[in-house]
Colleague: 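One structure, as structure tokens, below. Some questions next.
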Number of protein chains: 2
Amino acid sequence: MTSTRSDRVRLVASLSGRSARSKHGQFRVEGPQAVRSLLEARGDWATALFLTEAARTDHPDFVRLAAEIGLPITPVTAEVITAMVRDQGQQSVVSPQGVIATARIVETPWLELLERAAGSGGEADGSPVTIVAADRLQDPGNAGTLLRTADASGAAAVFFGDGSVDPYAPKTVRSTAGSLFHVPFARRVPLADLLTECTRRRITTAATSGYAHTSLFSTDLPVRIAWLMGNEARGLGEDLLQRADLSIAIPLSGRAESLNLATAAALCLFESARRR
Amino acid sequence: MTSTRSDRVRLVASLSGRSARSKHGQFRVEGPQAVRSLLEARGDWATALFLTEAARTDHPDFVRLAAEIGLPITPVTAEVITAMVRDQGQQSVVSPQGVIATARIVETPWLELLERAAGSGGEADGSPVTIVAADRLQDPGNAGTLLRTADASGAAAVFFGDGSVDPYAPKTVRSTAGSLFHVPFARRVPLADLLTECTRRRITTAATSGYAHTSLFSTDLPVRIAWLMGNEARGLGEDLLQRADLSIAIPLSGRAESLNLATAAALCLFESARRR
């Protein structure tokens with residue numbers, strides 16, 4: 001493929017937008033690391049693989065990985081790759097280094113995801129489990145970093161509440177550094193219902209709040225825990241804050257008023273990881 | 001001011017670029033939170049304050065803060081504000097909510113910054129101190145989040161090594177959420193020299209590396225410590241890794257290969273904070 005104006009190029013480029021992703025039920029994956037994670041961990045999601053000649057030489061494993069899952073490789077020029085990552089008219093700031101894939105959006109209902117997470121680690125209800133839920137998360141980079149951190153800390157699932165950014169946005173996919181294909185997640189989750197279902201499964205719900213009196217570093221954390229992270233600017237919704245079992249603050253020393261959302265989530269998730 | 005094409009608007013807009021910032025010795029500060037931190041913490045850096053009528057009504061404290069430091073307020077229209085945040089032709093994604101300031105770039109030599117940090121907390125060489133240095137940090141958002149996290153964790157200073165992104169870039173300034181005006185930092189720092197000077201001041205240098213055998217969560221951290229964070233893609237340079245006193249890994253549980261740089265820094269900085 002050499003024409004930057006073909007229907008196929010237009011379709012891949014259109015996946016920058018939420019409505020096109022919804023219409024086609026697909027999303028775009030950019031760059032060697034993310035595409036490799038897709039092929040290795042979720043090969044059944046992949047629908048197309050576009051490689052420049054240079055990228056094919058740089059990453060010989062893609063030919064084998066694609067063959068293993070029966071995915072044809074479409075050779076493209078560097079110009080086609082550039083045309084495919086146009087972010088709503090604007091040029092993407094991160095180069096996909098000659099590698100782009102498309103993948104099906106395959107979603108698991110959030111309750112099924114919770115049930116799987118709640119049971120992970122053993123049959124008994126007392127087995128450790130960490131999950132994280134985000135309330136109206138707005139920044140695509142934060143969403144991606146949250147998935148990456150959840151993966152790295154061994155969390156069982158991530159729940160994006162109603163009104164959160166779409167985790168399939170290109171910037172989010174890039175920020176996950178491949179973890180989108182490792183850690184199970186659900187979107188458009190009604191968080192009040194999630195809290196109810198957590199309680200039924202003996203998972204303690206813990207709100208993070210700058211106003212809480214309990215410090216993350218000095219409290220006895222339960223081993224079955226659901227961390228609730230608030231919106232970047234306004235924090236966690238009042239209803240969720242009221243309903244959560246615990247309210248926990250990260251002790252701040254300087255003159256900063258708060259932490260970046262993904263940073264706060266990392267401190268909570270790794271605090272749980274070290275206690276498991 | 002109502003014209004979006006005046007020289008003054010062009011100058012403020014030009015500060016999106018590194019060369020214009022260098023030429024004028026100034027940078028741009030956007031949004032109520034960051035501008036408030038500038039006026040409160042570094043009022044002597046401020047050179048101009050642009051406010052829409054709506055923003056002046058929403059934030060009456062700006063009038064008082066500006067008067068206290070003798071800074072005149074320039075009333076502008078919303079269109080002028082929009083014209084001022086054009087990021088090299090592209091529109092900024094974050095709205096400055098009717099509030100923009102410009103500020104002088106006032107730099108402290110890195111050795112002076114280190115000397116101040118090394119002595120902070122008491123006269124004795126054994127007093128606790130945490131600093132952080134970033135090697136060829138590339139993402140402006142990461143640079144901002146690093147400053148914000150350093151502030152919140154009570155770190156004494158941040159050092160951006162040679163080849164790092166410019167901390168005065170608009171996206172970095174936004175990501176700091178005001179912490180740029182709280183935590184002392186230096187840029188273009190020769191990190192090999194910084195390590196030598198740390199050693200002279202009995203500050204242990206600790207490299208973060210995925211290949212290290214020592215875990216962050218199980219090792220005995222020194223109370224005088226300089227954290228060295230590597231480049232987003234390539235990690236810490238081999239020379240720095242060799243020269244550092246310690247090499248420490250953050251234990252990863254999932255299939256993630258690594259953490260986001262600012263996330264890794266947060267875990268290290270708060271680990272030091274809880275031990276101080």
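Residue numbers start from 1 in every chain, and the chains themselves are labelled A, B, ... in the order their sequence lines are given, proteins ahead of strands.
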Colleague: Do you know which of B:Arg276, B:Glu271, B:Gln33 has the most heavy-atom pairs under 4.5 Å to chain A?
Modeller: B:Glu271
Colleague: Which heavy-atom pair separates B:Ala266 from A:Leu267 by the least distance, and what is that distance?
Modeller: O-CD2, 3.8 Å
Colleague: Is chain B contacted by the side chain of A:Ser258, its backbone, both, or neither, given a heavy-atom distance below 4.5 Å?
Modeller: both
Colleague: Looking only at side-chain N and O atoms, does B:Thr263 offer a donor or acceptor that is under 3.5 Å from a partner on A:Arg148?
Modeller: no
Colleague: With no hydrogens and no angle check, just 3.5 Å: does a side-chain donor-acceptor pair link B:Arg255 and A:Ser37?
Modeller: no
Colleague: Count the heavy-atom pairs under 4.5 Å between each of B:Gly144, B:Ala256, B:Gly178 and chain A, then report the option with the highest count.
Modeller: B:Ala256
Colleague: Just give me the residue among A:Thr149, A:Asp151, A:Thr145 that pairs up with chain B most often, heavy atom to heavy atom, under 4.5 Å.
Modeller: A:Asp151
Colleague: Which of the residues B:Asp139, B:Leu259, B:Ile250 is involved in the greatest number of heavy-atom pairs with chain A at under 4.5 angstrom?
Modeller: B:Leu259
Colleague: Is the shortest side-chain heavy-atom distance between B:Leu216 and A:Phe270 below 4.5 Å?
Modeller: no
Colleague: Select one option (side chain, backbone, both, neither) describing which atoms of A:Ala177 are under 4.5 Å from chain B's heavy atoms.
Modeller: neither
Colleague: When rounded to the nearest 0.5 angstrom, what is the spacing between CD in B:Glu257 and OG in A:Ser179?
Modeller: 8.5 Å
Colleague: Is chain B contacted by the side chain of A:Ser153, its backbone, both, or neither, given a heavy-atom distance below 4.5 Å?
Modeller: backbone
